[in-house]
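These notes are about the structure you will find just below.
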Amino acid sequence: MAPMSKQPVLTPQSEDFPRWYQDVIAKAELAENGPVRGTMTIRPWGYAIWERIQADLDSRIKETGHENAYFPLFIPMPFFEREADHVEGFSPELAVVTHGGGAELGEPVAVRPTSETVIGDCMSRWIQSHRDLPLLLNQWANVVRWELRPRLFLRTSEFLWQEGHTAHASREEAVEETLRMHRVYYDLMHDTLAMNPVLGRKTAAERFAGAELTYTLEGLMRDGKALQMGTSHYLGQNFARAFDITFSDTDGQLAHCHTTSWGVSTRVVGSLIMTHGDDRGLRLPPRVAPVQAVVIAIRDEVAADARELHAELEAAGVRSRLDDDTHTGFGRRATDWEIKGVPVRLELGPRDVEQAAVTVVRRDTGEKASHPRSGIGAAVVRLLDDVQASLLAETTARRDAETRDGDGPDAVLDGGADGFTRIAWSSLGEAGEATIAEAGYTVRCLVSPDGGVPGADTPDDGLVAYVARAY
RNA sequence: CGGGACGUGGCGCAGCUUGGUUAGCGCGCAGCGUUCGGGACGCUGAGGUCGCGGGUUCAAAUCCCGCCGUCCCGACCA
């Protein structure tokens, strides 16, 4: 057998990365374009991945004391106009419904691009006293932002996400919440998705419309471009003033709340593809893989053994799938599961059965080995942990190798470099930020010199800018 | 909205310049058989208002006009 040596099914990454991305999405059956430009049909395999992310993040959100709720899709237009920066930021991508019930509406309604406003409106009624605080809410929803240049998962006019919205008595508490959720996102990405994003604070230019502070998680994709994978905002009292979210404090004084919002969307599926994928397809970290191990029965006569093996894996706690579709050639099936990114493949043929063994292939390295049939469950569990760890190690090493230091705008203008360039903010500034923008570079975030996340009161001066081209 | 391209079975394309039999090809799909340890092969078969509307003509996928849609490049974005 000639291992791993077939014609590429996908466009190689080095040849045309965007094309590779599209190929993987199509061939792994993750998603496709919807009939309306910018919309996305998420296919079962893609949705299963999202559901794993969702389940993981949902439990983290609940563990930190938040409750899920659901707010309306339609929002009165005037709501947006109450917060000046917010309207300005979102009006270009707002979808507005002008007709309903066969007639023109007296008041057009917006389709939510985000829910600060409708939720703010509720908060103003739900909060009366400091005893009602903090109010910790989250919703899972779809939102619509009319996009001019859509890309599956990365930028679609409609996408799925989770948006947390909280209200607090003090700035200190709200900031703490903002940073807490920023950290929760990091845990999700690092521990579950095997990604190692750079954590930092957005510059004024990149801040969320209506926020005082925006914290971000910036991943580095395999083509050297950065991707914002999640954000957490301290909204100050901006929305509290706009929506009259007030409470009586312990002294009986009426005060405005401090609010936060934070979100992670189906975009992370795109980042998963571009962080771990290789020329053979997707490589899913075991913890998000809908199927962690696939048992391929090579020939009909081993179908019963394969079924047993599959049951054994399930008993060991592995999300296993049996592929006994021997009608389709072995090679075809092996490649299909590879493209779909299943972390471990167990091939069972007559030779294996004869030797009371099973051929085990790990997706990340392509390594193929024969393993005794006994004790296979525990061995696969160990192997999955290994794959999880090595994907994280690989992407971390890649990020570090593609991060360099520079000084001033010229650091990127001269080099035209991929990856991150670390530049002291003091040598860049808002003028430098504008200059590099013309060459397609942006300050992804500001980080403390020691690599930590800058606190809310840490001034920009003295921080280090991570600069990159971004999606 | 500015610049460029393209709409032909599910997908990818050819045919159009020079109008003329039954609109082809690859992949995919269905049935049968041979295969099966890295995207197998053979045979048979299904599937098309040639984006839409109008015009020219004996005759339009092909020429003309209009419309619609899509994709790529620029200004915004989880």
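- Under the salt bridge (Lys or Arg N to Asp or Glu O under 4.0 Å) rule, A:Asp323 has a single partner from A:Arg333, A:Lys340, A:Arg307, which is A:Arg333.
- Using P as the reference atom, B:G69 and B:G51 are 16 Å apart when rounded to the nearest Å.
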Polar pairs (N or O, both sides) under 3.5 Å between protein and nucleotides 69-78 of chain B?
unit_1 : atom_1 : unit_2   : atom_2 : d
B:C71  : OP2    : A:Arg37  : NH1    : 2.2
B:C73  : OP1    : A:Arg149 : NH2    : 3.4
B:C73  : OP2    : A:Arg149 : NH1    : 2.6
B:C73  : OP2    : A:Arg149 : NH2    : 2.3
B:C77  : O2     : A:Arg155 : NE     : 2.6
B:C77  : N3     : A:Arg155 : NE     : 2.9
B:A78  : O3'    : A:Gln228 : NE2    : 2.3
B:A78  : N6     : A:Thr156 : N      : 2.8
B:A78  : N6     : A:Thr156 : O      : 3.1
B:A78  : N3     : A:Ser265 : OG     : 2.8

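- On the C1' atoms, B:U18 is 16 Å away from B:A59, given to the nearest whole Å.
- In this structure, A:Asp300 reaches neither bases nor backbone, as no heavy-atom distance under 4.0 Å exists between it and the strands shown.
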Protein-nucleotides 4-13 of chain B N/O pairs closer than 3.5 Å?
none

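- A ring-ring contact (aromatic ring centres under 6.0 Å, His included) check over residues 348-369 of chain A, counting only residues at least two apart or in different chains, returns nothing.
- Remark: A:Asp336 pairs with A:Arg332 by the salt bridge (Lys or Arg N to Asp or Glu O under 4.0 Å) rule, at least two apart or across chains.
- Contact annotation for A:Pro113: no contact, since no heavy-atom pair falls under 4.0 Å across all strands.
- Among residues two or more places apart in sequence or in another chain, the salt bridge (Lys or Arg N to Asp or Glu O under 4.0 Å) test is passed with A:Arg287 by none.
- Counting distance only, with no hydrogens placed and no angle test, the side-chain atoms of A:Arg333 and the base atoms of B:G37 include no donor-acceptor pair under 3.5 Å.
- Comparing B:C71 with B:C27, their P atoms are spaced 28 Å from each other, to the whole Å.
- If you check residues 282-296 of chain A against RNA chain B, you find no residue with a heavy atom closer than 4.0 Å.
- A:Lys368 contributes a side-chain N or O that forms a donor-acceptor pair with the base of B:G38 under 3.5 Å.
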